[in-house]
2 protein chains.
Amino acid sequence: MSHKLDHIDRRILNALQRDASRSQRDLADEVGLSQNALWRRLKALEAAGVVQGYTARVAPEAVGASLAVFVMLRTRRHSADWLRQFRAHVEAIPQVIGFYRISGDYDYLLKIAAGDMASYDSVYQRLIQMEGLETVTSYFAMESIFDGRPLPL
Amino acid sequence: MSHKLDHIDRRILNALQRDASRSQRDLADEVGLSQNALWRRLKALEAAGVVQGYTARVAPEAVGASLAVFVMLRTRRHSADWLRQFRAHVEAIPQVIGFYRISGDYDYLLKIAAGDMASYDSVYQRLIQMEGLETVTSYFAMESIFDGRPLPL
DNA sequence: CCTGAAATCTTACGTAA
DNA sequence: TTACGTAAGATTTCAGG
């Protein structure tokens, strides 16, 4: 799991996090490798799970997901069984695009992608059908200044 | 501007959000188009800004960014000038990978990618060098259950 | 470094809704 | 008109030898 990364690997990952549509030749030139050497490194990084995949970034407004909402919640129940059910419940809601267990005043943080208030409300209603929730607080994004920045290397 | 999406466009976007490494021929077969027709749609979606780009997904633990922290903060100042400075200040910190202006008890939500507590603390120290912050609350991710799910279509 | 295979890009034209 | 299909060819990129 601990695939040692050198500075060339980091440059490769940095570039690919920003734009994965470039050709291997371009990228190879930039990092000072032959196309073939780059190809071997890429395969190794993919095989090691460092690169988990390639995805298209879609404009939320273009697909009717302009409203981002962050939900913080505290639970009353803490049994293993309840937790498993709760996670399954949350995972089954496709508008939940991020799901973190956190420390502090709350137990979980969810990021929701909704179309508008009405569509968010239906997500909310579905969410709180789970019994055992103590507090559910919604923070609405007024503006997404940026998101999904590349991980710093 | 608002590029009307039909059912096939949605299927294309759905597939590409999950895996953008597939060949056009594969994708074309799946959605029931010729490779050529798919290519034309893709170019149109890219030109319209619906597809904003293609990125590699990198495993955070593999690049020493295992600690995710969510920072919520409230500000004391609200002048246009101060806001501009504040945003520039935040944007200049590469470990801040998400930045939202929100409603409610707090004004901003930040997502931080750090290596460990010590490296988070240096981000925190840098963050609070900005004068005019009233409250800065950190929520540490104990577990990332999932994140970066495709936008629901 | 070299190369065969594959994928992408481009043009052109005929067809269907 | 607008989008699709087929087809063919040029070019680029991939995946190795």
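Below, chains carry the letters A, B, ... as their sequence lines are ordered, and counting in each starts from 1.
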Value in whole Å for how far the [atom2] atom of [N] lies from [atom1] of [X]:
X       : N      : atom1 : atom2 : answer
A:Leu33 : D:dC14 : CG    : C1'   : 16 Å
B:Asp29 : C:dA6  : CG    : C1'   : 15 Å
B:Glu46 : C:dT8  : CD    : P     : 12 Å
B:Asp9  : D:dA3  : CG    : P     : 10 Å
A:Leu42 : D:dA15 : CG    : P     : 9 Å
B:Leu27 : C:dC9  : CG    : P     : 13 Å

Distances for protein N or O near nucleotides 10-17 of chain C N or O, under 3.5 Å:
residue	atom	partner	partner atom	Å
C:dT11	O4	B:Asn36	ND2	2.8

- request: For A:Ser23, report the nucleic acid contact type (base, sugar-phosphate, nothing); a contact means any heavy atom under 4.0 Å.
  value: sugar-phosphate

query: Quick one: bend of the helix from C:dC1-D:dG17 to C:dA17-D:dT1 from 5 pairs per end, to 10°?
result: 30°

field: Gap separating the CD1 atom of A:Ile12 from the CD atom of A:Gln17, nearest 0.5 angstrom
entry: 12.5 Å

- prompt: Is NZ or CZ of B:Arg149 both nearer than 6.0 Å to the six-membered ring centre of B:Phe146 and within 45° of the ring axis?
  reply: yes

message: Centre-to-centre under 6.0 Å for B:Tyr120 and B:Phe140, is that the case here?
response: yes

query: Hey, do the aromatic rings of A:Tyr108 and A:Phe99 have their centres closer than 6.0 Å?
result: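 So the answer is yes for these two rings.
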
task: Inspect the surroundings of NE2 in A:His78 and state if more than 12 heavy atoms from other residues, nucleotides or ligands are less than 6.0 Å away.
output: yes

- request: Map B:Arg41 and A:Arg25 onto DNA chain D by nearest heavy atom, then report which one ends up closer to the 5' terminus.
  value: B:Arg41

Over all atoms of both residues, closest heavy-atom pair of A:Ser138 and A:Val69: CB-CG1, 4.1 Å

- prompt: Taking all atoms of both residues into account, what is the closest heavy-atom pair of B:Ala141 and B:Leu67, and its distance?
  reply: O-CD1, 4.4 Å

- prompt: Does A:Arg101 pair with A:Asp107 as a salt bridge, N-O distance under 4.0 Å?
  reply: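 Here A:Arg101 does not pair with A:Asp107 in a salt bridge, since their nearest N and O are not under 4.0 Å apart.
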
Whether B:His3 side chain and B:Leu45 backbone form a donor-acceptor pair below 3.5 Å: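 Checking the backbone N and O of B:Leu45 against the side chain of B:His3, no donor-acceptor pair under 3.5 Å is found.
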
